[in-house]
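Note that the numbering runs from 1 along the sequence shown for the chain.
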Amino acid sequence: MLIFDADDTLWENNVVFERVIDEFLEWMVRPGLDRAAVRAVLDGIEAANARTLGYGSKVFLHSLGECVARLRGRDATAEEAARIAGWAAAFDRDGVELIPGVAETLAELARRHDLLLLTKGDTEEQRRKVTASGLSGHFRGVHIVAEKNTAAYEELLRAYDLDAASAWMIGNSPKSDILPARSAGLNAVFIPHDHTWVLEHGDLDPADEKVLRLSAFGDLLRHF
């Protein structure tokens, strides 16, 4: 069984957030407060909100509002709130941009193996992206969870009566895709992405032989 992450593994995602963050940083900088300092405050707010509110563009925009309040020492004004709300348009897209090699590689892998999709975030938002991708037909099941932790992987194993030793989790995030999957006993494939969210970074054990490291999605066909 091959289990796939979605955002930044199958299609581009975080690059959209980073474009908005870039504009936000430019807006917030002032004498004595540079881009790095603003980003550090925002990262802290996002990390806290991810634990209590979850993921997705709505939570992200909420975090921007909190960041404005933190940096300004007051609630965002109506004008500031409107500017933040305007960034919602960046996420209201009808389609998604597939990562090169994904469409043809998944089609071939689906002929050889059973595939599952496991993604986290806002249910409605993630479903929209899955539908827009045109890839859902390749998967035996699509699962959207609030958090991809060890318990989520163990639940997936139980749901499909899978042997962890014969299952592989494939993704770009050490924090959500690789480390918890390994903790649950699965094998893993790490495919780095240049724009992986900073909060999804993590240290992988270079001696872990159950983690396969690939440079491109299409390389999966050489191993599966």
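No more than 12 heavy atoms of other residues, nucleotides or ligands sit less than 6.0 Å from atom CG of Asp203. Applying the 6.0 Å contact sphere to CG of Asp34 captures more than 12 heavy atoms from other residues, nucleotides or ligands. Within 6.0 Å of CG on Asp194 lie no more than 12 heavy atoms contributed by other residues, nucleotides or ligands.
Listed for the Asp219 side chain is a donor-acceptor partner under 3.5 Å among the backbone atoms of Ala216. For Arg213 (side chain) and Val189 (main-chain N/O), no donor-acceptor pair under 3.5 Å exists by modelled atom type. Between the Thr105 side chain and the Gly101 main chain, a donor and an acceptor come within less than 3.5 Å of each other.
Separating the CG atom in Leu64 from the CE atom in Met28 is a distance of 9.0 Å, to the nearest 0.5 Å. Interatomic distance, Thr9 OG1 to Leu118 CG, rounded to the nearest 0.5 Å: 10.5 Å. Annotation: the span from Ser136 atom OG to Lys129 atom NZ amounts to 15.0 Å, rounded to 0.5 Å. The distance from the CG atom of Leu106 to the CZ atom of Arg111 is 11.0 Å, given to the nearest 0.5 Å. Rounded to the nearest 0.5 Å, atoms CG (Leu117) and CG (Leu135) are 8.5 Å apart. A distance of 9.0 Å separates CG in Asp205 from CZ in Arg182, rounded to the nearest 0.5 Å.
Side-chain atoms of His62 and Glu66, non-hydrogen and from C-beta on, do get closer than 4.5 Å to each other. Looking only at side-chain heavy atoms (C-beta outward), Lys148 and Tyr153 come within less than 4.5 Å of each other. Ile191 places a side-chain heavy atom less than 4.5 Å from the side chain of Leu214. Using a 4.5 Å cut-off on side-chain heavy atoms (C-beta onward), Asp177 and Phe190 make no contact. Put simply, the side chain of Leu186 reaches to within 4.5 Å of the side chain of Leu157, judged on heavy atoms. Taking the side chain as every heavy atom from C-beta outward, Ser133 and Leu98 approach each other to under 4.5 Å. The closest side-chain heavy-atom distance from Lys175 to His201 is not below 4.5 Å. His138 places none of its side-chain heavy atoms less than 4.5 Å from the side chain of Leu109.
Remark: Arg83 does not engage Glu80 in a salt bridge, criterion side-chain N to carboxylate O under 4.0 Å. Under the 4.0 Å criterion applied to side-chain N and carboxylate O atoms, Glu124 and Arg127 are not assigned as salt-bridge partners. A salt bridge is absent between Asp5 and Lys120: the closest approach of a Lys/Arg side-chain nitrogen to an acidic carboxylate oxygen does not fall below 4.0 angstrom. Glu147 has no carboxylate O lying under 4.0 Å from a charged side-chain N of Arg51, or vice versa, which leaves the two without a salt bridge. Comment: Arg19 does not engage Glu26 in a salt bridge, judged by the lack of any side-chain N to carboxylate O separation of less than 4.0 angstrom.
Side-chain contact, Asp7 with Gln126: a donor N or O sits under 3.5 Å from an acceptor N or O. Side chains of Ser176 and Glu200: a donor-acceptor N/O pair is present below 3.5 angstrom, by distance only. Thr196 and Asp8 share no side-chain donor-acceptor pair at under 3.5 Å. Neither side chain, Glu12 nor His195, offers a donor N or O lying under 3.5 Å from an acceptor on the other.
Checking each of Ile170, Ile3, Leu2 against Leu115 for a side-chain contact (heavy atoms from CB on, under 4.5 Å) leaves exactly one that passes, namely Leu2.
The hydrophobic clustering, which links ILVMFWY residues whose side-chain heavy atoms are closer than 4.5 Å, places Leu221 and Leu10 together. A continuous path of Ile, Leu, Val, Met, Phe, Trp and Tyr side chains, each step under 4.5 Å between heavy atoms, connects Val102 with Phe4, placing both in one hydrophobic cluster. A single hydrophobic cluster is seen to contain both Ile45 and Ile84, as judged by linkage of ILVMFWY side chains at heavy-atom distances under 4.5 Å, directly or through other members. The hydrophobic cluster containing Trp11 also contains Phe139, counting ILVMFWY residues as joined when their side-chain heavy atoms lie under 4.5 angstrom apart, directly or transitively. Hydrophobic cluster membership is shared by Val15 and Phe24, with clusters built from Ile, Leu, Val, Met, Phe, Trp and Tyr side chains linked at under 4.5 angstrom.
By the 30° and 60° cut-offs, the orientation of the rings of Tyr55 relative to Trp197 is perpendicular. By the 30° and 60° cut-offs, the orientation of the rings of Phe17 relative to Phe60 is perpendicular.
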Does the pair Lys58 and Phe91 meet the rule for a side chain to side chain contact (heavy atoms under 4.5 Å, CB included), with working shown? CA-CA 9 Å; Lys58 294 177 184 177; Phe91 307 98; over 6 Å; no
Give the C-alpha distance, both sets of side-chain angles, the deciding distance and a yes or no for ring-ring contact (aromatic ring centres under 6.0 Å, His included) between His143 and Tyr160. CA-CA 12 Å; His143 298 267; Tyr160 288 89; 5.4 Å; yes
For Val38 and Val41, what are the C-alpha separation, side-chain angles and deciding distance, and is it a side chain to side chain contact (heavy atoms under 4.5 Å, CB included)? CA-CA 5 Å; Val38 175; Val41 172; 5.8 Å; no
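Heavy atoms only, all atoms of each residue included: Trp168 and Lys210 are closest at CZ3-O, 4.2 Å.
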